[in-house]
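Since the structure comes first, as structure tokens, the remarks are kept for the end.
The sequence lines fix the lettering, A, B, ..., with proteins before strands; numbering per chain opens at 1. Excluded from the calculations below are hydrogen atoms, water molecules and symmetry mates; all remaining heavy atoms, backbone and side chain alike, are included. This one's a predicted model, so the numbers in the text were calculated from it and none came from an experiment.
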2 protein chains.
Amino acid sequence: MAGRVTIATVAHHARVSRQTVSNVINAPQLVRPETRERVRAAIEVLGYRVSQAARQMRTGRSRLIAVRIGPAGDGINGSVLDRFLHGLTEAAAPAGYRVVLYTATGDDAEIAAYEELLGAHDLDGFVLTGTHPGDARTDWLARRGVPFVTFGRNWEAQPEPVFGGGEHSPTQHSKAQPEPAFGGGEHSPTLNREAQPEAVLGGGEHPWVDVDGAWGTRAATERLLAAGHRRVGFIGWPPGSAVGEDRREGWAAALRAAGVDLSGLERRVDDRVAEGERAAVDLLGTVDLLGTAGPSALVCASDSLALGALRAATAHGTAPGGIASPRIAVIGFDDTPVAQAVGLTSVSQPLTEAAAGCVALLIRLLDGGDHDGDLDREGEGEGDSGGRRHLLLRPRLVVRDSG
Amino acid sequence: MAGRVTIATVAHHARVSRQTVSNVINAPQLVRPETRERVRAAIEVLGYRVSQAARQMRTGRSRLIAVRIGPAGDGINGSVLDRFLHGLTEAAAPAGYRVVLYTATGDDAEIAAYEELLGAHDLDGFVLTGTHPGDARTDWLARRGVPFVTFGRNWEAQPEPVFGGGEHSPTQHSKAQPEPAFGGGEHSPTLNREAQPEAVLGGGEHPWVDVDGAWGTRAATERLLAAGHRRVGFIGWPPGSAVGEDRREGWAAALRAAGVDLSGLERRVDDRVAEGERAAVDLLGTVDLLGTAGPSALVCASDSLALGALRAATAHGTAPGGIASPRIAVIGFDDTPVAQAVGLTSVSQPLTEAAAGCVALLIRLLDGGDHDGDLDREGEGEGDSGGRRHLLLRPRLVVRDSG
DNA sequence: ATGAAAGCGCTAACAT
DNA sequence: ATGTTAGCGCTTTCAT
């Protein structure tokens, strides 16, 4: 190995100038095909790779995108984050980007991390997860003009974001039924925003990818209704979380559409198994003034809650006295390994597609719209992906024993 | 913002030469304290950050370490990988290193990824997970002299690696009982290898960090023995996996030490819930020629198997005839969210420490042993960590309802 | 202890 | 379509 193979080595080997080699790499159309091939052969033979450092120095761009990995249990995590990260890495690679990780506890610390990442490493862009109303991070990034995409829609900028839970009713989805990969982006007129100026609402109008939670809980609820249940309960998180409200809304919409009265059918608790169990016990024991019994099925905002509910449901089925009540159906959300393990029907987020969407959106920002083709990776024949800045994906209901 | 803040800006501001600024950053001891402070103040005021690209170009080092993120379900994954990655990122940052992700399916593809990462990005080192006997990756890296650490000991090079499961008996550990952070590295003489030449066994002698699985299953088994169980069964993976044999060994050692005959007490099946359940049913129904009943407790090589066993145990407890047998205790391995959710006692790997260990070992390789202090991060007063190239960490038994 | 000079490998701008 | 020039920001000699 006699020293590094540089562009000069290649140029010499192919008997062209260094600039021509550079052109073959960065602007092949400028080079005559014949020369181009000769250069490419030389690159191949010599095993040449461009030095990212040198390129970065010249262009100011690192071809690195960053994503935060929080401590376990913080926001999107566990196998969910794992799958998302894998999707990001896989989608970024073909476009020549790499994913780097960073940690931060709290928005302020995260902004400090941005300064560092941007200042020292010339990071090209960020993928943010766990965005929330009043998020200081998005403001900061937007103000600086740093390219970023969020996984999680911009709830602030979109006070009425119920694209998916709105008009069209979700059809039943079993595991066997394939889901159009990128078709999830609803074709609502609200989504065609490319004509709008860049910075509306103080930079709030950034690209995002999200999963239509309401659609998921609606599909879950409709499945239970179709199975003959009428009083379908809901166990969700305390009011205040946008994601939580979204998931609740799908359930509510489905019941309203079926003409079922919602009152007394829901509980809002913290996202823990024990809380879910308590809420379910409470709900299942309900008998109102008219003698109406509690729910016969439960839709939950998470697998944790659903797992608790499942325990309560099992206990309920084998109540004292030995009378076996008909089984209480339970459906969870997120399709975590826990759900798989215990046979819990659950709403599964298309994380790979979400990740690919984030990368595609981000790269469009970075490369200035040339790489449109990247959005078509899954080949779902969706020719007109151009210009869209938001992607709302449909989850999938994975049916198992529990419902 | 009038252009980038470079070392020249700082030099000018602090009225020193550029070189002095560089020295303040890279070799502070060379600069008179008074000058040093002036320069540091200037750096602070101007918000200067070194350009990694420029530095990298000069030094050939990127301060980037790479780790693979496989598709879900592949090897170490789910929340386990998640926690490990977080630990890596967190440990690498203070030493000035960043973690970049890559994917690859299969060893060959992974080697191709190395070429790319090394050639284009000047990656400084790798953390490998899921190593296996005959691993082509470690050979490749070792042959090229690329610094790397594996999470998972080098089974090939160490045919008798039972440091932890050997002599000393694990004491009982409850969740409340804290575990020395870095004390896990067993002080067995086998570990003091710094005197040995670098490349023994064809480069097989690379640094690694691992968790003492045998210790974990032994602790689990001893806990059950202490609770009065005698016939403690084991459900493990099919022979052939080094990790699987290690975990089995801990169980076997504990039973042997207690004078219990192992025969008829184990089943080896694929790592799936259903298989675990089947195996447990099988085991629990056993009655041998002498009329000895099946096991009264089960130690499992994974939480998946344990979950299945737990189901079988519950069913066994409420056998037809209504006679409530005494409850079958079950202990799993990995302390996954599933275990937490269902109240399964499980052996928990110290992933944060493992990650920190990987980073410390790798950085020692990279920075040539100057950064010894990094190993002491947890401040456990273990002054003499220097030179150790292997870290065998003790897991922790997290006690819950199931055992 | 501090300063001056050189050059890492690349690409943008400007020739040809 | 191809070649020439310059310089990105840093650190490593070497000199003072």
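Each of C:dC8, C:dC10, D:dC10 was ranked by its minimum atom distance to the side chain of B:Met57; first place goes to C:dC8. Nearest to the side-chain atoms of B:Thr6 among the listed nucleotides D:dG9, D:dG3, C:dG3 stands D:dG9. Closest approach to the B:Ser17 side chain among C:dT11, D:dT2, C:dT2 is made by C:dT2 (side chain taken as heavy atoms from C-beta onward). For B:Ile7, counting side-chain heavy atoms from C-beta on, the closest listed nucleotide (C:dT11, D:dC10, D:dG9) is D:dC10. Distances were taken from every side-chain heavy atom of B:Tyr48 (C-beta onward) to each of D:dC10, C:dC10, C:dT2; the shortest belongs to D:dC10. Distances were taken from every side-chain heavy atom of B:Val50 (C-beta onward) to each of D:dC10, C:dT11, C:dC10; the shortest belongs to D:dC10. For A:Thr20, the listed nucleotide lying nearest its side chain is D:dT2; candidates were D:dT2, C:dT2, D:dG9. If you check C:dT2, D:dT12, D:dC10 against the side chain of B:Thr35, the one that comes closest is C:dT2.
Rounded to whole Å, atom C1' of D:dG9 lies 13 Å from atom CG of B:Asn26. Distance CD (B:Gln29) to C1' (C:dT2): 14 Å, rounded to an integer number of Å. Atom P of nucleotide C:dA6 and atom CZ of B:Arg58 are separated by 13 Å, given to the nearest angstrom. Separating the CD atom of B:Gln19 from the C1' atom of D:dC14 is a distance of 11 Å, rounded to the nearest angstrom. Look at CD on B:Gln52: it is 15 Å from C1' on C:dC8, rounded to the nearest Å. One atom, CG of B:Asn23, and another, C1' of C:dA4, lie 13 Å apart when rounded to the nearest Å. The interatomic distance linking B:Arg4 (CZ) with D:dC10 (C1') rounds to 10 Å, in whole Å. Between A:Arg55 atom CZ and C:dA12 atom C1' there is a gap of 14 Å when expressed in whole angstrom units.
Between A:Tyr114 and A:Trp140, the angle of the ring planes lies from 30° to 60°, which puts this pair in the tilted group.
Annotation: side chain of B:Ile363 is in contact with side chain of B:Tyr97 (closest heavy-atom distance under 4.5 Å). Counting heavy atoms from C-beta outward, B:Arg389 and B:Leu365 have side chains that approach closer than 4.5 Å.
For A:Arg32 and D:dT2, the shortest distance from a side-chain N or O to OP1 or OP2 is below 4.0 Å. Checking the phosphate oxygens (OP1, OP2) of D:dG9, no side-chain nitrogen or oxygen of B:Ser51 falls inside 4.0 Å.
Within the 3.5 Å criterion, the main-chain N or O of B:Leu85 finds a donor-acceptor partner in the side chain of B:Thr89.
A side-chain donor from one of B:Tyr102 and B:Glu110 sits under 3.5 Å from a side-chain acceptor of the other.
Place B:Val16 and B:Ala54 on DNA chain C by their nearest nucleotides, and B:Val16 ends up nearer the 5' end.
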